[in-house]
Number of protein chains: 2
Amino acid sequence: MSEIEGLMRAIGLRAKEAAADLAFATPEAKTRALEAAADALWSGRARLIEANALDLDFGREKGLSPSMMDRLMLDDGRIAAMVEGLRAVAAQPDPVGQVMAEWDRPTGLHIQRVRTPLGVIGVIYESRPNVTADAGALCLKSGNAVILRGGSESFHSSGVIHSALVEGLRAAGLPEDAIQLVPTRDRAAVSEMLRMTGVIDVIVPRGGKGLVGLVQAEARVPVFAHLEGICHVYVDRAADPDKARRVVLNAKTRRTGVCGAAECLLLHRDIADTLGAEIIADLVAAGVEVRAGEGLQHLPGVLPAAAGDFGTEFLDRIIAVKLVEDVDAAISHIRRFGSGHTEAILTEDDATAGRFFARLDSAILMRNASTQFADGGEFGMGAEIGIATGKMHARGPVGAEQLTSFKYLVTGDGTIRA
Amino acid sequence: MSEIEGLMRAIGLRAKEAAADLAFATPEAKTRALEAAADALWSGRARLIEANALDLDFGREKGLSPSMMDRLMLDDGRIAAMVEGLRAVAAQPDPVGQVMAEWDRPTGLHIQRVRTPLGVIGVIYESRPNVTADAGALCLKSGNAVILRGGSESFHSSGVIHSALVEGLRAAGLPEDAIQLVPTRDRAAVSEMLRMTGVIDVIVPRGGKGLVGLVQAEARVPVFAHLEGICHVYVDRAADPDKARRVVLNAKTRRTGVCGAAECLLLHRDIADTLGAEIIADLVAAGVEVRAGEGLQHLPGVLPAAAGDFGTEFLDRIIAVKLVEDVDAAISHIRRFGSGHTEAILTEDDATAGRFFARLDSAILMRNASTQFADGGEFGMGAEIGIATGKMHARGPVGAEQLTSFKYLVTGDGTIRA
């Protein structure tokens with residue numbers, strides 16, 4: 001057994017023991033732990049900023065891209081956001097023990113379906129240190145032990161955030177092993193985690209396509225993830241022009257590096273030279289590179305789209321645009337090129353919107369709203385551990401509730417089966 | 001590509017196409033299909049009994065055990081039960097499109113979480129021909145296409161039942177490929193199914209430990225299953241004697257070959273010579289071989305238990321019995337030896353029952369009721385495709401609802417994210 005294998009097995013064993021205790025921790029204890037962690041994180045922010053400076057130095061040496069460096073950087077504002085995130089999760093209802101459904105049977109049995117924790121969650125992430133706080137908080141809230149494996153870039157920052165979480169656990173009398181951070185930069189730890197069936201119940205990878213693809217391909221445990229967010233916005237003939245212009249601009253430009261950013265705009269053929277031209281002019285004016293298909297290439301500032309532009313996640317100020325016959329053609333295009341993450345329709349026509357909602361099967365479908373709302377916080381989950389495009393167990397933004405399973409509690413009165 | 005590989009790929013492709021249509025089939029069409037299938041099955045019962053006779057001949061030649069032969073055998077009563085099962089599933093509420101939750105956000109967004117089908121289900125089973133009808137019906141109800149792979153023993157019977165299901169689909173104008181039966185006895189078809197990621201979304205194995213263990217070990221797609229049903233009954237000091245005697249006898253003897261049959265009885269030490277002795281006398285009188293631990297071996301008709309008797313699924317008229325200190329000792333024993341299927345407590349004490357319910361994490365926990373109720377029909381699901389002891393997605397009896405996923409439908413009014 002290699003050193004890393006031994007280390008990870010020991011971490012796994014401690015996580016399983018902590019999970020057994022955590023499964024019936026009171027809601028109050030978990031809330032107290034999260035609030036104490038928020039206090040510790042805020043009062044220790046000077047130490048966190050020092051640790052973050054070490055990570056930034058390491059990142060510069062390693063030649064990280066400006067956007068990676070930006071994700072890594074912490075300041076008072078970002079720490080305050082993390083602290084607020086912890087408090088928001090603390091304030092959420094506790095999912096564990098919630099009665100999801102109950103009913104009586106003619107036999108006299110009363111049946112309840114109640115939420116239980118899943119067990120042990122593994123989280124593998126890259127440069128964003130805030131994942132340490134978000135993932136730790138959501139797993140604790142849902143009664144799960146968690147094994148966090150942060151990126152080597154955020155090693156020091158994650159360590160300080162993790163200490164604050166452990167301080168919270170200690171203050172609430174909960175097992176410290178409920179939230180563990182893998183204490184090595186060795187990549188072998190990741191491979192080990194992916195094989196820890198019987199210990200880790202689900203793995204959540206957070207990061208770029210490289211990381212997520214690797215985890216999806218190699219994990220022997222279930223994975224909640226999305227590989228890409230190739231989000232589409234379809235502007236129907238019956239769209240309200242003001243709403244459509246506002247929503248498309250926001251969906252593409254609010255933040256271009258997030259998975260909910262629009263990557264492809266589909267325009268109903270009938271509005272190509274009216275609303276369509278206005279939307280494209282808005283995008284060009286906002287500095288977006290518009291790569292358009294036939295029937296749109298005469299518009300000012302537009303580049304011709306290549307075939308490969310459709311189905312591409314740009315994560316940048318670039319958008320692919322195409323004219324379509326009608327909503328059914330938009331649906332076909334999305335089925336072919338989408339990644340099952342988030343798609344939006346702009347229309348005032350209920351039947352058209354209903355068709356879009358019924359016939360597409362992405363995790364999130366939106367009407368007259370920006371795809372940038374694809375986010376656990378915006379959905380009211382307090383925070384999210386990630387967004388899943390699979391259909392097993394969790395789907396869409398994964399909050400505390402999706403990190404639970406359930407069991408049946410059946411009560412009789414000496415009841416026997418005939 | 002081998003012949004079987006080609007065959008299975010073609011079946012998979014047709015299933016995926018059927019699933020895409022089925023996802024928005026109306027509830028009425030699905031109900032009509034199930035009712036027409038029930039009619040076809042009943043009116044064609046003479047043909048089914050002929051086909052079953054061929055299977056019984058094959059089984060006799062192959063030297064199947066009496067219990068296997070019994071599972072295989074169909075008569076008018078059993079066919080009527082299958083027909084009733086189809087009608088019961090038809091009468092269930094349609095899960096697809098159900099709004100599981102909805103809420104408003106301060107941003108003005110309205111969010112709905114609605115049920116969707118999973119996609120394509122694979123069902124691999126052994127001798128019971130009725131699985132063909134139950135599994136086909138539940139998958140159709142939940143909007144999923146299904147690939148059925150019945151045991152070689154029930155080959156002819158399953159074929160006739162499958163024809164009735166297809167007749168139902170045809171009568172309702174639904175795609176016939178929604179319910180496909182693998183048309184070969186070749187075992188390579190099973191291995192192929194286990195590897196059909198990207199086509200089959202979940203596999204449900206129905207059968208003995210050999211089949212389930214193989215599927216769990218080799219499947220590359222998610223599996224809903226239980227390997228064993230090592231069900232425990234704990235009789236507390238505060239049990240009502242009449243209820244306890246009735247329930248234990250039923251839990252062990254109603255049917256011994258089902259996964260919900262009790263395999264281990266735990267008795268509170270204080271009732272060893274009173275209620276405990278009565279319960280054991282009941283079991284001995286009913287012809288059950290009682291293998292008891294220390295403190296019980298002096299009772300009439302009792303054999304001493306070997307260590308291996310605890311944690312064994314007998315599926316026979318045998319039960320292991322042990323004295324325990326209290327409910328916590330019962331919980332420890334069950335955690336160590338249970339299979340996470342179903343456990344029951346007999347007690348009039350609410351606190352003790354609450355502890356048993358909170359601290360055990362089996363799929364089903366029962367109070368003052370027989371473990372033999374571990375069954376989708378008894379839970380009110382119309383039928384079940386199996387019972388799952390995993391914690392991902394489905395757990396306990398798997399009915400139509402557990403064969404669904406969900407998506408989010410978000411409605412705004414030109415809403416953009418700040």
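Here is the naming used below: chain letters follow the sequence lines, and residue numbers restart at 1 for every chain.
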Roughly how far, to the nearest 0.5 Å, is CD1 of B:Ile416 from NZ of A:Lys243? 13.5 Å
If you tally heavy-atom pairs under 4.5 Å between each of B:Gly108, B:Ser370, B:Ala251, B:Ser405 and chain A, the highest tally belongs to B:Ser405
If a pair satisfies salt bridge (Lys or Arg N to Asp or Glu O under 4.0 Å) and one of its residues is in residues 249-260 of chain A, list it, with sequence neighbours excluded. A:Lys252-A:Glu263
Which one, A:Val114, A:Thr404, A:Asn250, A:Asp242, leads in non-hydrogen pairs under 4.5 Å with chain B? A:Asn250
Given that the side chain runs from C-beta out, which part of A:Asp375 has a heavy atom under 4.5 Å from chain B: side chain, backbone, both or neither? side chain
What part of A:Phe224 is in contact with chain B, defined as an atom under 4.5 angstrom from a non-hydrogen atom: side chain, backbone, both or neither? side chain
I'd like to know which of B:Arg113, B:Arg220, B:Gln372, B:Arg367 tops the heavy-atom pair count under 4.5 Å against chain A. B:Arg367
Contact summary for B:Thr415 and A:Val247, nearest pair of heavy atoms: O-CG2, 3.9 Å
Portion of A:Glu378 that has a non-hydrogen atom of chain B nearer than 4.5 angstrom: both
Could you look at B:Ala418 and say if it's the side chain, the backbone, both or neither that has a heavy atom under 4.5 Å from chain A? backbone
In short, A:Asp361 meets B:Lys407 closest at the heavy-atom pair OD1-CD, 3.9 Å
Side chain, backbone, both or neither of A:Ala244 within contact of chain B (heavy atoms, under 4.5 Å): neither
With a 4.5 angstrom heavy-atom cut-off, which part of A:Asp201 approaches chain B: side chain, backbone, both or neither? backbone
Region of A:Pro106 that comes under 4.5 Å of a non-hydrogen atom in chain B: neither
Identify the residues of residues 340-349 of chain B whose heavy atoms come closer than 4.5 Å to a heavy atom of chain A, ordered by number, or report 'none'. none
Identify which part of B:Thr371 has an atom lying under 4.5 Å from any heavy atom of chain A, answering side chain, backbone, both or neither. neither
Select one option (side chain, backbone, both, neither) describing which atoms of A:Arg335 are under 4.5 Å from chain B's heavy atoms. side chain
What part of A:Leu360 gets within 4.5 angstrom of chain B, counting heavy atoms only: side chain, backbone, both, or neither? backbone
If you measure from CG on B:Asp413 to CG on A:Asp240, what distance do you get to the nearest 0.5 Å? 8.0 Å
Give the interface residues of residues 391-401 of chain B toward chain A, defined by a heavy-atom separation under 4.5 Å. B:Lys391, B:Met392, B:His393, B:Ala394, B:Arg395, B:Gly396, B:Pro397, B:Glu401
side-chain contact (heavy atoms from CB on, under 4.5 Å) with B:Val410: which of A:Ile364, A:Asn368, A:Leu365? A:Ile364
Turns out that what part of A:Val202 lies under 4.5 Å from chain B's heavy atoms comes down to side chain
Is the shortest side-chain heavy-atom distance between A:Phe373 and B:Thr107 below 4.5 Å? yes
Go through the atoms of B:Thr116 and report whether side chain, backbone, both or neither lie under 4.5 Å from a heavy atom of chain A. side chain
Examine whether an atom of A:Leu409 lies under 4.5 Å from a heavy atom of chain B, and if so say whether it belongs to the side chain, the backbone or both; otherwise answer neither. both
Going by the rule salt bridge (Lys or Arg N to Asp or Glu O under 4.0 Å), which residues pair with B:Asp21 if we only count those two or more places apart in sequence or in a different chain? none
Engaged part of A:Leu109 at the chain B interface, taking heavy atoms whose separation is under 4.5 Å: side chain
Less than 4.5 Å to any heavy atom of chain B: does that hold for the side chain of A:Arg359, its backbone, both, or neither? both
Using heavy-atom distances under 4.5 Å, tell me whether A:Phe24 contacts chain B through its side chain, its backbone, both, or neither. side chain
What part of A:Ala23 gets closer than 4.5 Å to chain B, counting heavy atoms only: side chain, backbone, both or neither? neither
